[in-house]
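Heads up: numbering here begins at 1 and tracks the sequence.
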Amino acid sequence: MTQEIRDISVEDDPRPEAADPLPFPFNQRAFCRYEPIEKRIEEARVLVVDNLLRDQGDLSDVARSQWGETAAAQLKRERQIAKMAVENIINNVQRLVKSPTTHVTHLSNLAAAVEQFGPDAIVLSGTLRDFDFYKPETLETFGHFIRATTVPVLAICGGHQLVGLSFGAHVVTLDKLEQYEQRENRPQEYQYRFIRITDASDPIFRGISDPGSGIWQDYTKQSRILRVWQNHGLQLDRIPEGFTLLATSYLCRNQMMVKPSGGQLIYTVQFHLEKSFEDWKKSRTRWEHPNESRDGRILFENFLYLALTHTA
């Protein structure tokens, strides 16, 4: 009996052969894949700016008119997205810096927070609504701040647009319509997309093509390509004066830019580089995606290095 069992287990293994891999999208895994990350930055003080709307006091007349009785529900959604956006930014800082110190402030309190906190760097979150939904005074106050600050800034998605707006660019839809002309059913860039580096000499790209800097880098070895997470339906219509274009795509020309002059160091990205460290378990609905944003992680880390060595 024992010999029979042994013979069967060796010679007549009943287990089926491994099936062929499933094609896309059926081969996608519903979890994030993380790289082993070594913390190489000793310490950093990072001010995280919540750019989303908070309450009725943040709203313009346009927002009040268009939202009407739904304003409370719309603002609740703003707060839900703001929580996720801020957490993702803080996760990046905590997983890249050995001794991080972070502080969160709202867009409307930015100047006072910088004076009180004394950050090494400022990171601006994305946004959810069109900018004509914001109280004009808030945008004007931010414009005065961003044009004068010498604290290094990293602006993400809606923050990228907000910086461009403050330096004279115009925010339009991806098919170049005014925001009010197309509130719904806009073309969008969504999920992981490829963008092309236009100025590979900028230090923000250090290590992007280095095989030792992480996995999933094969696609960056040709044509200076980055893979980044996108989620936007607006864009800047130009490169503001004083800024240099760093990356582009076929649907949105201004994917990344920098202002390294006048004592300022301002990097802005249309994509969500902070998605590098998103924890899938926190939301298993629209935010579920395989996490392969190695490039976003490297850009974020390089920004922190540059911020810590910046001199006005």
Side-chain angles (χ1 to χ4, degrees), residues 46-90 102-117 119 121-149 151 153-173 177-184 186 188 231-237 240 266 268-270 272 274 283 286-287:
V46 180
L47 180 64
V48 181
V49 182
D50 171 6
N51 280 336
L52 287 94
L53 298 167
R54 297 170 304 176
D55 51 40
Q56 291 278 354
D58 290 335
L59 302 183
S60 68
D61 292 339
V62 172
R64 291 193 181 92
S65 173
Q66 296 207 7
W67 280 351
E69 295 180 355
T70 69
Q74 300 288 355
L75 288 168
K76 182 179 179 181
R77 178 62 174 161
E78 289 274 330
R79 291 296 86 212
Q80 291 172 337
I81 298 298
K83 184 174 183 293
M84 287 190 285
V86 167
E87 282 185 351
N88 283 339
I89 293 170
I90 292 175
T102 58
H103 178 70
V104 179
T105 191
H106 188 258
L107 172 66
S108 58
N109 303 322
L110 177 53
V114 168
E115 184 175 350
Q116 295 169 9
F117 181 62
I122 299 169
V123 181
L124 304 176
S125 80
T127 58
L128 184 60
R129 309 297 176 176
D130 294 349
F131 290 107
D132 57 353
F133 278 33
Y134 284 71
K135 186 167 64 176
E137 293 83 354
T138 300
L139 300 181
E140 291 171 9
T141 300
F142 174 79
H144 291 309
F145 171 83
I146 198 67
R147 289 189 293 269
T149 187
V151 179
V153 175
L154 173 63
I156 299 168
C157 196
H160 157 87
Q161 297 162 8
L162 186 56
V163 170
L165 190 65
S166 301
F167 280 91
H170 199 53
V171 178
V172 296
T173 65
L177 296 176
E178 296 292 340
Q179 298 172 67
Y180 67 85
E181 293 181 297
Q182 193 177 28
R183 300 284 191 201
E184 305 293 336
R186 292 170 174 166
Q188 289 189 323
N231 187 7
H232 69 103
L234 296 174
Q235 64 175 334
L236 294 177
D237 70 339
I266 303 175
T268 76
V269 295
Q270 181 59 78
H272 286 273
E274 83 282 12
S283 176
R286 62 173 297 196
W287 298 101

Pairing residues for Gln80 by the side chain to side chain contact (heavy atoms under 4.5 Å, CB included) criterion, not counting sequence neighbours: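 Listed in chain order: Lys76, Arg77.
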Sequence-distant partners of Thr173, side chain to side chain contact (heavy atoms under 4.5 Å, CB included), two or more places apart: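 With neighbours one apart ignored, the set is Asp175, Leu177, Gln182, Arg186, Leu234.
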Closest heavy-atom pair and its distance - [X], [Y]:
X: Pro119; Y: Val151; answer: O-CG1, 3.9 Å
X: Gln66; Y: Phe133; answer: OE1-CZ, 3.7 Å
X: Ser125; Y: Leu52; answer: OG-CD1, 3.9 Å
X: His160; Y: Ala155; answer: N-CB, 3.7 Å

Asn51 (side chain) donor-acceptor with Leu124 (main chain) under 3.5 angstrom: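 Absent.
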Backbone of Asp132 reached by a side-chain donor or acceptor of Ser60 within 3.5 Å: yes
Which value, rounded to the nearest 0.5 Å, describes the distance between [X] atom [atom1] and [Y] atom [atom2]?
X: Leu139; Y: Ser108; atom1: CG; atom2: OG; value: 11.0 Å
X: Thr127; Y: Leu107; atom1: OG1; atom2: CG; value: 10.0 Å
X: His272; Y: Ile156; atom1: NE2; atom2: CD1; value: 8.0 Å
X: Gln116; Y: Leu47; atom1: CD; atom2: CG; value: 10.5 Å
X: Thr141; Y: Ile146; atom1: OG1; atom2: CD1; value: 13.0 Å

Side chain to side chain contact (heavy atoms under 4.5 Å, CB included) assessment of Phe142 paired with Leu110: CA-CA 8 Å; Phe142 174 79; Leu110 177 53; 3.8 Å; yes
May I ask you to test the [X]-[Y] pair for a side-chain heavy-atom distance under 4.5 Å?
X: Trp67; Y: Gln56; answer: no
X: Gln179; Y: Val172; answer: no
X: Ile89; Y: Thr102; answer: no
X: Leu236; Y: Val163; answer: no

The criterion is salt bridge (Lys or Arg N to Asp or Glu O under 4.0 Å); which residues satisfy it with [X], sequence neighbours excluded?
X: Asp58; answer: Arg54
X: Asp55; answer: none
X: Asp61; answer: Arg64

Residues which pass ring-ring contact (aromatic ring centres under 6.0 Å, His included) with [X], listed by chain and number, not counting sequence neighbours:
X: His103; result: Phe117
X: Tyr134; result: Phe131
X: Phe145; result: none

Those residues that, when tested against [X], pass side-chain hydrogen bond (donor to acceptor under 3.5 Å, both in side chains) (two or more places apart):
X: Gln161; value: Gln270
X: Asn109; value: none
X: Asp50; value: Arg79
X: Glu78; value: Arg129

Flag if over 12 foreign heavy atoms under 6.0 Å of CD, Glu137: yes
Stepwise side chain to side chain contact (heavy atoms under 4.5 Å, CB included) check, Leu154 with Ile266: CA-CA 6 Å; Leu154 173 63; Ile266 303 175; over 6 Å; no
